[in-house]
Amino acid sequence: MADMQAFRDAVSRWAAGGPGDPASDLAAQLEVRTAVLLEGPSDLAAVEALAARRGRDLAAEGVCVVPMGGAMSIGRYAGLLGPPGLGLRLTGLCDEGEQRFYDRGLKRAGAPHQDFFVCVADLEDELIRALGTARVEDIIRADGDLRAWQIFLRQPAQHGRPRHQQLRRFLGTKKGRKIRYGRLLVEVLDPGQVPAPLDDLLASL
């Protein structure tokens with residue numbers, strides 16, 4: 001039986017220049033009504049973790065969370081999934097520094113941009129600020145990354161940098177680390193600590 005991962009994969013192939021019929025057929029079969037467009041897989045991990053914490057089954061609600069592989073892909077994905085393509089409602093997250101790409105891409109696709117929620121730097125930055133640097137370091141230690149973190153801190157480029165910036169950089173230094181911590185940081189948030197862009201996104205679905 002087809003699932004949202006199959007639809008997500010079909011959309012990725014379509015965006016890469018493949019045929020659109022498989023994605024269209026799966027959208028109808030799965031009754032997809034909303035596509036949540038995110039820059040990458042770490043954002044996907046965070047959104048899915050928060051949805052699970054809140055008892056939400058996004059797939060059952062007709063919501064597919066789609067990592068695009070970068071902000072500059074927004075025009076392509078909005079055109080395929082939004083009004084010019086499958087006609088799905090579009091929402092998602094974007095980084096403040098990439099907002100101009102979203103504004104242009106969504107305008108070309110005729111999709112409303114007010115359903116996209118803006119992170120100041122990125123979602124990892126939002127999560128670190130929400131939890132505080134000491135708590136994030138505790139999570140790094142508990143997850144077995146203490147030695148890697150200590151080695152990272154000894155690098156000359158990190159000397160004198162604010163701890164917040166060091167943590168944000170550390171999360172991106174190894175393949176898969178941002179994805180893992182995207183989930184872990186969300187799982188330990190108190191209800192009142194959820195960053196506003198992430199909280200508002202889930203509330204909009």
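FYI, the numbering just counts along the sequence from 1. Remember, predicted model here, so these are calculated numbers, not experimental data.
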Hey, does the side chain of E39 reach the backbone of C94 with a donor-acceptor pair shorter than 3.5 angstrom?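 No, because the side chain of E39 does not come within donor-acceptor range (under 3.5 Å) of the backbone of C94.
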
Indicate yes or no for a side-chain donor-acceptor contact from T91 to the backbone of F116 under 3.5 Å, with no hydrogens or angles considered.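 Side chain of T91 to backbone of F116, a donor-acceptor pair under 3.5 Å: no, none is there.
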
Donor-acceptor pairs under 3.5 angstrom involving side-chain atoms of residues 53-67: please list them, not counting sequence neighbours.
{"unit_1": "R53", "atom_1": "NH1", "unit_2": "V186", "atom_2": "O", "d": "2.7"}
{"unit_1": "R53", "atom_1": "NH1", "unit_2": "E187", "atom_2": "O", "d": "3.4"}
{"unit_1": "R53", "atom_1": "NH1", "unit_2": "L189", "atom_2": "O", "d": "2.5"}
{"unit_1": "R53", "atom_1": "NH2", "unit_2": "L189", "atom_2": "O", "d": "2.8"}
{"unit_1": "R54", "atom_1": "NH1", "unit_2": "D199", "atom_2": "OD1", "d": "2.9"}
{"unit_1": "R54", "atom_1": "NH2", "unit_2": "D199", "atom_2": "OD1", "d": "2.6"}
{"unit_1": "R56", "atom_1": "NE", "unit_2": "E61", "atom_2": "OE1", "d": "3.3"}
{"unit_1": "R56", "atom_1": "NE", "unit_2": "E61", "atom_2": "OE2", "d": "2.9"}
{"unit_1": "R56", "atom_1": "NH1", "unit_2": "L202", "atom_2": "O", "d": "3.2"}
{"unit_1": "R56", "atom_1": "NH2", "unit_2": "E61", "atom_2": "OE1", "d": "2.8"}
{"unit_1": "R56", "atom_1": "NH2", "unit_2": "L205", "atom_2": "O", "d": "3.1"}
{"unit_1": "D57", "atom_1": "OD1", "unit_2": "A59", "atom_2": "N", "d": "3.4"}
{"unit_1": "D57", "atom_1": "OD1", "unit_2": "A60", "atom_2": "N", "d": "3.2"}

I179: what forms a side chain to side chain contact (heavy atoms under 4.5 Å, CB included) with it, not counting sequence neighbours?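 Partners of I179 under the side chain to side chain contact (heavy atoms under 4.5 Å, CB included) test: P41, S42, A45.
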
Residues two or more places apart in sequence or in another chain: which of them pass side chain to side chain contact (heavy atoms under 4.5 Å, CB included) with R154?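 Residues passing side chain to side chain contact (heavy atoms under 4.5 Å, CB included) with R154: Q150, I151.
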
Is V118 linked to V120 within one hydrophobic cluster, defined over Ile, Leu, Val, Met, Phe, Trp and Tyr using a side-chain heavy-atom separation of less than 4.5 Å?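 In one cluster with V118: V120, no.
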
To the nearest 0.5 Å, how far apart are CG in D143 and CG in D138?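 Here the rounded value is 12.5 Å.
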
Determine, for D190 against R135, whether the closest basic-nitrogen to carboxylate-oxygen distance falls under 4.0 angstrom.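 No, this pair does not count.
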
Answer yes or no: are there more than 12 heavy-atom neighbours, outside E31 itself, under 6.0 Å from its atom CD?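 Not buried by this count: 12 neighbours or fewer within 6.0 Å.
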
Excluding sequence neighbours, so at least two apart, what forms side chain to side chain donor-acceptor pair (under 3.5 Å) with D95?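 If we apply the side chain to side chain donor-acceptor pair (under 3.5 Å) test to D95, skipping adjacent residues, there are no hits.
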
Using residues 96-108 as the side-chain source, report each donor-acceptor pair under 3.5 Å to any protein atom, sequence neighbours left out, with the distance given to one decimal.
{"unit_1": "R100", "atom_1": "NH1", "unit_2": "G97", "atom_2": "O", "d": "2.7"}
{"unit_1": "Y102", "atom_1": "OH", "unit_2": "L93", "atom_2": "O", "d": "3.3"}

Let's go through D115 and S204 carefully: what are the C-alpha distance in whole Å and the side-chain angles of both, what is the deciding distance for side chain to side chain contact (heavy atoms under 4.5 Å, CB included) to 0.1 Å, and is it a yes or a no? CA-CA 8 Å; D115 289 336; S204 76; 5.9 Å; no

Anything under 3.5 Å between a donor and an acceptor, one on a side chain of residues 163-174, the other on a protein residue two or more places apart or in another chain? List them.
{"unit_1": "R163", "atom_1": "NE", "unit_2": "E137", "atom_2": "OE2", "d": "3.2"}
{"unit_1": "R163", "atom_1": "NH1", "unit_2": "Q166", "atom_2": "OE1", "d": "2.8"}
{"unit_1": "H164", "atom_1": "NE2", "unit_2": "D125", "atom_2": "OD1", "d": "2.5"}
{"unit_1": "Q166", "atom_1": "NE2", "unit_2": "Q158", "atom_2": "O", "d": "2.8"}
{"unit_1": "Q166", "atom_1": "NE2", "unit_2": "R161", "atom_2": "O", "d": "3.4"}
{"unit_1": "R168", "atom_1": "NE", "unit_2": "D122", "atom_2": "OD1", "d": "3.2"}
{"unit_1": "R168", "atom_1": "NE", "unit_2": "D122", "atom_2": "OD2", "d": "3.1"}
{"unit_1": "R168", "atom_1": "NH2", "unit_2": "D122", "atom_2": "OD2", "d": "3.0"}
{"unit_1": "T173", "atom_1": "OG1", "unit_2": "F170", "atom_2": "O", "d": "2.7"}
{"unit_1": "T173", "atom_1": "OG1", "unit_2": "R177", "atom_2": "NH1", "d": "2.6"}

